[in-house]
Amino acid sequence: MKRDGMNLLEHEAKHLFRHYGISTPRGLFHQDMGGIAGSLANLEFPLMVKAQTTVGGRGKAGGIRTAMHAQEALEACERILGMRVAGMKVHGVLLEEMIDSSKEIYLAITIDQRSRCPLLLAGCAGGMDVESMPSHTVGRWPLDPTEQLSDEVLDQASQFLLRGGGGTNEVRSTMGAMWRLFRNMDCELVEINPLMITDSGKAIAADAKVAIDDDSLFRHTEYLDRSGRDLTSLEKMAKDKGFNLVELPGDIGVLANGAGLTMAALDTLQRYGGSGGTFLDLGGTDDPDRISEALGLLSYDLARGRIGSLLVCIFGGITRCDTVADAMMHTITDRNVKARTVVRLRGNNEEEAAQMLRLANFNVHIDLDEACQQAVKVRE
Amino acid sequence: MKGEALLTDHKLLVQGITGKQGQHHTVQMMEYGTKVVGGVTPGKGGRIVNGVPVFNDVRRAVERTGATASVVFVPAANLKQAVVEGIEAGLEAMVIITERTPLHDSMNVLALARKKGVAILGPNCPGLCLVGHSKVGIMPNRIFRQGDLAIVSRSGTLTYEVVQALSSAGLGQNVVLGLGGDRLLGTDMREAVEMVLEKGPSGVVLIGEIGGQMEEEASLLIKKMGVENVFGYVAGVSAPPARRMGHAGAIVSRGSGGALDKINVLESSGVTVGRSLGDLVDRISKRFGK
């Protein structure tokens, strides 16, 4: 499933699950090797040893192991804590008792963009990617975001999954709990894959995925420190200043106002054999102070050599281009930075602005294609 | 969906009129010719800002001014309350400029708006312009030129770029619609295309970007209706997967929402897709240029 927002780690999601009344296996989380030996004495083997990451793909990367005894568990922990999954840091390890189940199913609540409504997904098999499950084995129920989860939906979904078999009541109450969690915590996704149904009809969430909408964190301040834990230092600096910055593998820093324009500039660079090193979106603003602040960030990136040139692409809609040009001249005074910076301005008074910058020895263009060609050329 | 309510001249309220953005754009909209009849800021009722009266709530503002639509500049944390007020006061259309609205708040107000038949543009959109008549939102006044092209876009500044380039090339517009950069939008691209076609444009320009399936859904409609003279541009060909590129809605996930896929689907529906902004404008010029 798509996970867009701030992804919680599995053990954090399971903590929320228990709070909402969803059962999870007995387990303990450790950030590092300290204290793991002690925890092993309190758990029953066999154990699952699971990498805690905010990105998917840990299973394929060897981040989920089983251990029959303490020595095996310790070795697994050490391996997992030293690895990266999809380039991202492992934030710790979850040791969990294995569950004996008679059936595994899939449950998720997500948001459907087209209908702008929550969607309940229920799959008759658990443990695999929902997108690779045969479509007749996955049921979908659109939900009204302003209402309670109806008995009708609960009946239909549990009937679809279990055909009236053991675990029906627990699965129903699990779906109810997921819905409360989804709504109360501003979730983009609540997913259990798999939900284990035991012989005695208990439902236990073997895995847990919860993504919380970043834009709602002002009302979930206890999670504020968790957003951004996978960002680079440059991305963190930008976030603190309120900019959208994505570090990219290329060597040309791109700063523009508006997400679409920033992407368009990166695409155009690619046409001329260049490759973007940053996506820095100022938002729709052309406020000269904000432009100066953002330039500061990229000058730093240039100075440390991660990027080799800088493309500044501004559409002056509210502020006149000559005002923007004036701010730039005051911000970029270092000769080396200036030599590797290409400016592209459009909007009110673009000709005057270009003239001003040209006189101050800036490499300035009105045409985007020309500016991109120059940005490729001047990089070091 | 009462989409046509968006493409009508309204008596307009500005929700959040006393803020910096609200004040600035009220002046700009009035200069363009929009009938701004009042503003709303809770706790600041009774004032006059930019020559229009300020009210504490939408209901009272509607009663006193006869307003039929609003543009919303309130901070994200207050957005839900502001939009619910507007819907309950009986507005026909609302344009939401506010950025970074919590997704669940959007989902809830959009569901309520649908139930009550209120047309919504945004959130996180630059607004719309009925060129030569009225403008609602934050698009720069000077970029437009009267004509008969319709522009539908998911991006703000990219729209300004394209509109300005078209205007400079002598290619005027009759309606410019900025849908917004969020994942959940009051009006999506398919609905917007349906709406602008009612205006009988000579051509339609779609500006899309990575993320979601909006361009694909619009393509299906274009193909089904056999609409001609549709032009497109999709930003984000070079965007890496799984990274959110500025807009909440701009993310390629699980191999879905990529720019090249969108370009292919648009082209297979007969849309002429520009490979760069310059190429887009060239292709439109070639078709309509004098």
Side-chain angles (χ1 to χ4, degrees), chain A residues 1-5 55 86 111 113-114 116-118 129 131 144-146 182-183 186-188 213-219 244 246-250 256-264 266-271 275-276 279-281 283-284 286 314-318 346-348 367-369, chain B residues 24 76-77 99-108 110-112 114 126 138-140 142-143 153-161 164 181 183-185 188 207 209-210 212-214 217 233 235-240 242-251 253-254 256 259 275-278:
Chain A
M1 276 316 299
K2 189 167 81 170
R3 298 173 76 182
D4 279 353
V55 291
I111 295 173
Q113 214 165 352
R114 177 149 200 243
R116 294 100 159 164
C117 279
D129 194 338
E131 270 134 53
D144 184 331
T146 60
F182 176 80
R183 291 221 296 182
D186 283 284
C187 295
E188 298 181 10
D213 171 25
D214 292 315
D215 291 334
S216 75
L217 289 181
F218 65 87
R219 52 191 178 214
N244 300 310
V246 179
E247 226 176 85
L248 300 170
N257 60 340
L261 183 55
T262 317
M263 277 189 269
L266 285 161
D267 293 348
T268 312
L269 274 178
Q270 197 179 50
R271 282 168 66 89
S275 167
F279 166 98
L280 202 176
D281 165 25
D286 54 7
I314 302 291
F315 189 93
I318 294 171
R346 280 225 79 173
N348 300 338
D367 184 77
L368 179 60
D369 291 66
Chain B
H24 174 84
E99 295 178 294
R100 306 206 61 183
T101 302
L103 201 57
H104 280 240
D105 292 359
S106 292
M107 196 160 62
N108 283 300
L110 293 179
L112 184 65
R114 261 198 313 280
I138 60 174
M139 295 190 196
R142 294 203 222 171
I143 56 177
S153 173
R154 285 175 68 191
S155 163
T157 44
L158 208 48
T159 316
Y160 314 160
E161 287 270 349
Q164 166 144 348
R183 275 163 292 177
L184 302 182
L185 297 174
D188 66 22
I207 302 169
E209 61 186 30
I210 55 167
Q213 295 292 312
M214 249 184 249
E217 286 159 11
Y233 175 77
V237 173
S238 64
R243 298 303 304 267
R244 186 175 285 170
M245 304 301 273
H247 282 155
I251 181 167
S253 40
R254 289 284 168 109
S256 161
R275 294 303 158 135
S276 68
L277 290 175

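Chain A is the first sequence line, chain B the second, and so forth, proteins listed ahead of strands; every chain is numbered from 1. As the structure is a prediction and not an experimental result, all values here were calculated from the model.
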Under 4.5 Å from a heavy atom of chain A, the part of [X] involved:
| X | answer |
| --- | --- |
| L110(B) | side chain |
| S238(B) | both |
| T159(B) | neither |
| L185(B) | backbone |
| A77(B) | both |
| E161(B) | both |

[atom1]-[atom2] distance between [X] and [Y], expressed to the nearest 0.5 angstrom:
| X | Y | atom1 | atom2 | result |
| --- | --- | --- | --- | --- |
| T101(B) | D215(A) | OG1 | CG | 7.5 Å |
| M263(A) | L158(B) | CE | CG | 8.5 Å |
| D186(A) | D105(B) | CG | CG | 6.5 Å |
| L277(B) | T268(A) | CG | OG1 | 6.0 Å |
| Q113(A) | M214(B) | CD | CE | 5.5 Å |
| N244(A) | M245(B) | CG | CE | 10.0 Å |

Please classify the contact of [X] with chain B as side chain, backbone, both or neither, using a heavy-atom distance under 4.5 Å.
| X | result |
| --- | --- |
| P118(A) | both |
| L368(A) | side chain |
| D286(A) | neither |
| T146(A) | both |
| R271(A) | side chain |
| L248(A) | side chain |
| D281(A) | side chain |

### Query
Between R114(B) and R116(A), does a side-chain contact (heavy atoms from CB on, under 4.5 Å) hold up when you go through it step by step?
CA-CA 10 Å; R114(B) 261 198 313 280; R116(A) 294 100 159 164; 3.8 Å; yes
When only pairs under 4.5 Å are counted, which of [options] shares the most heavy-atom pairs with chain A?
| options | value |
| --- | --- |
| M139(B), M107(B), R275(B) | M107(B) |
| Q164(B), E209(B), E99(B) | Q164(B) |
| I207(B), I138(B), I143(B), D188(B) | D188(B) |

Just so I know, are the side chains of [X] and [Y] near enough to count as touching, which here means a heavy-atom distance under 4.5 Å?
| X | Y | answer |
| --- | --- | --- |
| F279(A) | R243(B) | no |
| P102(B) | R219(A) | yes |
| R142(B) | N348(A) | yes |
| D267(A) | Y233(B) | yes |
| P240(B) | E247(A) | no |

### Task
State plainly whether the residues D213(A) and R100(B) are in salt-bridge range, i.e. N to O under 4.0 Å.
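Salt bridge absent between D213(A) and R100(B).
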### Query
Looking at P145(A), A86(A), S216(A), which has the largest count of heavy-atom pairs under 4.5 Å with chain B?
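Top option by heavy-atom pairs under 4.5 Å: P145(A).
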